[in-house]
> 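Here it is, the structure in full.
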Amino acid sequence: MSTAHTPDRPEDGRDDDPQDRAPEHGHAPGHDQDDRAGYKTDADAGSVDERDEADAPAVDPAAENAEGGEPAARVELPEEQQGEQEIPTFDLTLQIRRYNPEVSDEVHWDEFKLTMYGTDRVLDALHKVKWEIDGSLSFRRSCAHGVCGSDAMRINGQNRLACKVLLKDLDLSKPVTVEPIKGLPCEKDLIVDMEPFFQSYREIMPFLVAGGNEPTMERYQSQEDRARFDDTTKCILCAACTSSCPVFWTDGQYFGPAAIVNAHRFIFDSRDDAGDLRLEILNDKEGVWRCRTTFNCTEACPRGIQVTKAIAEVKNAILSRSM
Amino acid sequence: MSTPLKASISVPRSKDLEVNGVKYNRSSSRRNNFEMYAWLFMRLSGVVLLVLVFVHLWVNLVSPEGGVEAVDFAFVAGKWASPFWQVFDMLLLWLAMLHGTNGLRVIIDDYAERDRTRFWLKVFLFTTSAFVILLGTLVIFTFEPCPAGADPALLASFCAAG
Ligand code: HEM
Ligand code: SF4
Ligand code: FES
């Protein structure tokens, strides 16, 4: 990502490197880039930071154990809480919307009573059902760590990645409901046909279109220019946003937030030359103007992308280009 | 049960327009600036309406002596004797009607799923809106509180004085 670390880059000519003129240049390698990449804005990051702050000042473990010679654990766990058996468990009722067109056209709900651990996520509960109770349950997952975007589903009525929702964060006094995402044709159980979603994605040309002279090295970009579209680079194409949008639910003709987010990622990329073309594509009857600013997409995005803001920026770009 | 040899779900191709009632591709792509201007109009007319609507409410309901009770035929006749209020009310009528009509058009697009339903709802919407706009404009500019030669029994009391 960071051009500054390209090993085979000749040292001469570096004066022309636009990155060298960036004010941040000279910091610890990779540091700025990491901040920019927005991992701090990720929903989880906040709580991790808070926990660090809350735990650290209580005692200084390093000082206390200075003579002991052993590195102190950052979090002191009571003796009996260590070991796998001691992770707190709880019971929950999981309701899953089932659909199998090979058996019946009818949709029904299955209910499972499970005992899960405090560290488990909804995905673990689905695994438990599939691996131990009902092997016919179908859902997509790949990375299981919020990276691949396979397992967006409606959990308690909200679009979430099953692998990022901890069971302990849900209201377990009521059954936890899991449904496929809305607005896309359901193929089986929690699996929907993503084709209409990716069709819109393909239409906005999600690839770099750069003209001009072919550079011999990478195409330079200042850190400011990179930061301009940083938020929208984080998309993992999970479809949580598009399938949370009431306008998309109607007839699936709206381009949808994800396509606009990924167009935004190139429209505001200083290296790209096809921004006008993408704005033209999104100036469609089914393009950005169908957005009703409901913020469902922003609320749904597991990557914390300001989706509605990105849509508004594309609207403004179309307006200022036409006026 | 055994898996059927042939899956009963058809696999849609990226070129199929519609499979089992699901639209896989955009049925039409209309790229002119109409939706952009409609979007812009909602915001601009909204700002102007904010002023017009509250002035309208204030002038008609709050400021007259006697408040709401004071609004009667004579009050309206008095206002429309002034070109200022004629233009003001026409602006309010046109902006509110066009703003409201476009808002309903958008709601129809958002909630009606079938193209035919959309079409007929919009035909109904545009006809009624056009009727109200034209009739309203006609009334504002041809309003005559005391038409000459009318049956005096039907006229407002203040006509006799004038
Ligand atoms: C008082 C000042 C007003 C302001 C500032 C205002 C503003 C707006 C704006 C910005 C929208 C667009 C919403 C969107 O695109 O998501 C809108 C929609 C709408 N407006 Fe107004 N408006 C006003 C008065 C009115 C009046 C008097 C009417 C009725 C005649 C009306 C009827 C509608 C309708 C039906 C919609 C569509 C609803 C929707 O898109 O969700 N508005 N308004
Ligand atoms: S913008 Fe967010 S919710 Fe939408 S597809 Fe990308 S990662 Fe998923
Ligand atoms: S399984 Fe990869 S994002 Fe959840």
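Just so it is clear: chains get the letters A, B, ... in the order the sequence lines come, proteins before strands, and each one is counted from 1. Computed over heavy atoms, backbone and side chain alike; hydrogens, waters and symmetry mates excluded.
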> Does the plane of the ring in B:Phe84 sit parallel, tilted or perpendicular to the ring in B:Phe88? Use 30° and 60° as the thresholds.
tilted
> Using non-hydrogen atoms only, which part of A:Leu184 is less than 4.5 Å away from chain B: side chain, backbone, both, or neither?
neither
> So what's closer than 4.5 Å to chain B heavy atoms on A:Lys188: side chain, backbone, both or neither?
neither
> Which region of A:Glu203, side chain (C-beta onward) or backbone (N, CA, C, O), has a non-hydrogen atom less than 4.5 Å from a non-hydrogen atom of chain B, or is it both or neither?
side chain
> Which bit of B:Ala38 is near chain A, if near means a heavy-atom gap under 4.5 Å: side chain, backbone, both or neither?
neither
> Contact part of A:Ser136 toward chain B, heavy-atom cut-off under 4.5 Å: side chain, backbone, both or neither?
neither
> When you check the side-chain N and O atoms of B:Arg105 and B:Asn102, is any donor under 3.5 Å from an acceptor?
yes
> Keeping A:Lys113 on the side-chain end and A:Thr93 on the backbone end, is there a donor-acceptor pair under 3.5 Å?
no
> Against chain B, work out which of A:Val247, A:Ile318, A:Val288, A:Leu319 has the most heavy-atom pairs shorter than 4.5 Å and name it.
A:Leu319
> Which residue pairs satisfy the disulfide (SG to SG under 2.5 Å) criterion with at least one member in residues 50-151 of chain B, sequence neighbours excluded?
B:Cys146-B:Cys159
> Report the distance from atom CG of B:Asn32 to atom CG of A:Asn283, rounding to the nearest 0.5 Å.
8.0 Å
> At a heavy-atom separation under 4.5 Å, does A:Tyr254 approach chain B through its side chain, its backbone, both, or neither?
backbone
> Between the side chains of A:Trp109 and A:Thr177, does any donor sit under 3.5 Å from an acceptor?
no
